[in-house]
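One structure below.
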Amino acid sequence: MYGLWRPRVLGAWKVPASGPVILAVNHSHNIDGPMVIGVAPRASHFLVKKEAFVGPLGPCMRALGQLEVDRSTADRAAVTRALGVLSDGGVLGIFPEGSRGEGDFASLRGGLSYFAVRSGAPVVPVAVLGSSEKSSRLIKGLPPLRSRVDVVFGDPFEAGDGSGRRTRKALDEATVRIQKQLTTHLEHARRLTGRRENAGRPTGH
């Protein structure tokens with residue numbers, strides 16, 4: 001990541017140095033995950049759609065500890081592996097929006113709240129800004145080489161209400177709580193970096 005682009009990493013010290021942590025990352029470009037994996041202060045294991053595990057990239061991603069998930073069904077094996085990462089005190093990376101979009105946390109799926117409430121792990125919001133503003137003229141679908149990409153880590157927070165409840169109502173309440181925290185962090189990250197909004201549309205889905 002540092003060789004191809006110029007990441008500016010802010011707030012990495014906010015990621016707890018040990019114990020289970022969930023990184024909740026906005027997603028507007030296909031380099032967002034690799035960028036966070038490359039600059040995060042701890043090794044992280046992202047839930048990644050199985051379609052990305054193709055060709056020589058598949059074994060490489062598995063070797064790096066990334067978790068393959070089938071989004072077309074309730075992938076119990078992926079859920080078990082993800083919970084295993086947290087129970088072992090590791091870092092789990094999740095795109096709470098589910099797929100690439102505007103990267104503004106406007107629509108969250110329930111996976112993040114489930115993992116956060118089930119594990120009790122703190123959630124660290126992560127904003128990746130600049131990855132979808134422009135496309136490279138040399139390599140379509142990627143940001144211009146050596147361009148600035150900002151990665152801003154936020155303050156960890158608890159998604160649950162402290163009761164330990166895992167009911168549907170508790171998960172829905174956690175999702176609302178998470179969305180508020182993530183949206184607030186994204187606004188803060190934009191002010192901090194001077195990137196007031198996404199200047200370009202995401203390149204593909």
Side-chain angles (χ1 to χ4, degrees), residues 1-17 19-48 91-113 115-116 121-136 141-160 174-205:
M1 292 297 106
Y2 283 99
L4 295 174
W5 294 281
R6 294 188 298 129
R8 178 170 57 171
V9 183
L10 304 173
W13 58 270
K14 296 181 179 181
V15 178
V21 178
I22 298 174
L23 301 181
V25 186
N26 68 325
H27 197 21
S28 63
H29 198 284
N30 55 15
I31 73 158
D32 294 339
M35 182 64 69
V36 175
I37 291 170
V39 305
R42 294 174 59 186
S44 53
H45 308 268
F46 270 74
L47 282 168
V48 183
V91 180
L92 178 66
I94 295 180
F95 299 111
E97 297 161 289
S99 60
R100 272 178 287 161
E102 294 296 333
D104 56 4
F105 293 126
S107 178
L108 304 188
R109 295 191 176 186
L112 174 54
S113 61
F115 287 116
V123 177
V124 173
V126 185
V128 181
L129 302 172
S131 60
S132 61
E133 287 184 351
K134 298 178 181 178
S135 293
S136 171
L142 291 179
L145 299 181
R146 304 305 298 159
S147 63
R148 173 77 70 190
V149 177
D150 293 320
V151 182
V152 186
F153 294 87
D155 295 314
F157 65 90
E158 301 293 333
T175 298
V176 172
R177 195 175 298 114
I178 289 169
Q179 186 165 32
K180 181 179 179 180
Q181 292 277 1
L182 298 187
T183 301
T184 298
H185 172 66
L186 182 59
E187 292 172 352
H188 168 71
R190 285 172 173 165
R191 290 194 301 269
L192 186 65
T193 61
R195 298 182 188 271
R196 296 300 300 171
E197 59 186 358
N198 289 337
R201 302 286 294 184
T203 55
H205 293 270

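Note that the numbering runs from 1 along the sequence shown for the chain.
Taking each heavy atom of Ala24 and Val123 in turn, the nearest pair found is CB-CG1, 3.8 Å. For Pro122 against Pro20, the heavy-atom pair with the smallest separation is CD-O, 3.2 Å. The heavy-atom pair separating Ala12 from Phe153 by the smallest distance is CA-CD1, 3.7 Å. Across every non-hydrogen atom of Val91 and Ala43, the tightest pair is CB-O, 3.5 Å.
A search for salt bridge (charged side-chain N to carboxylate O under 4.0 Å, His left out) contacts involving Lys14 returns Asp155, not counting sequence neighbours. In this structure Ile94 satisfies the side chain to side chain contact (heavy atoms under 4.5 Å, CB included) test together with Ile22, Leu47, Leu92, Pro96, Leu112, Phe115, sequence neighbours excluded. Applying the side chain to side chain contact (heavy atoms under 4.5 Å, CB included) rule to Leu10 yields the partners Arg8, Val152, Leu192, Thr193; only residues at least two apart in sequence or on another chain are considered. In this view, Pro34 and Met1 satisfy the side chain to side chain contact (heavy atoms under 4.5 Å, CB included) rule, not counting sequence neighbours. Residues satisfying the salt bridge (charged side-chain N to carboxylate O under 4.0 Å, His left out) criterion with Arg42, sequence neighbours excluded, are absent altogether.
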From CA spacing to verdict: side chain to side chain contact (heavy atoms under 4.5 Å, CB included), Phe46, Phe95 = CA-CA 8 Å; Phe46 270 74; Phe95 299 111; 3.9 Å; yes
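The OG1 atom of Thr184 sits 11.0 Å away from the NE2 atom of His188 when rounded to the nearest 0.5 Å. We find the CG-CD1 distance between Asp32 and Ile37 to be 11.0 Å, quoted to the nearest 0.5 Å.
Using a 4.5 Å cut-off on side-chain heavy atoms (C-beta onward), Leu129 and Leu186 make contact. Counting only heavy atoms from C-beta outward, the side chains of Val176 and Lys180 never approach each other to under 4.5 Å. Side-chain contact check for Met35 versus Pro7: some heavy-atom pair is nearer than 4.5 Å.
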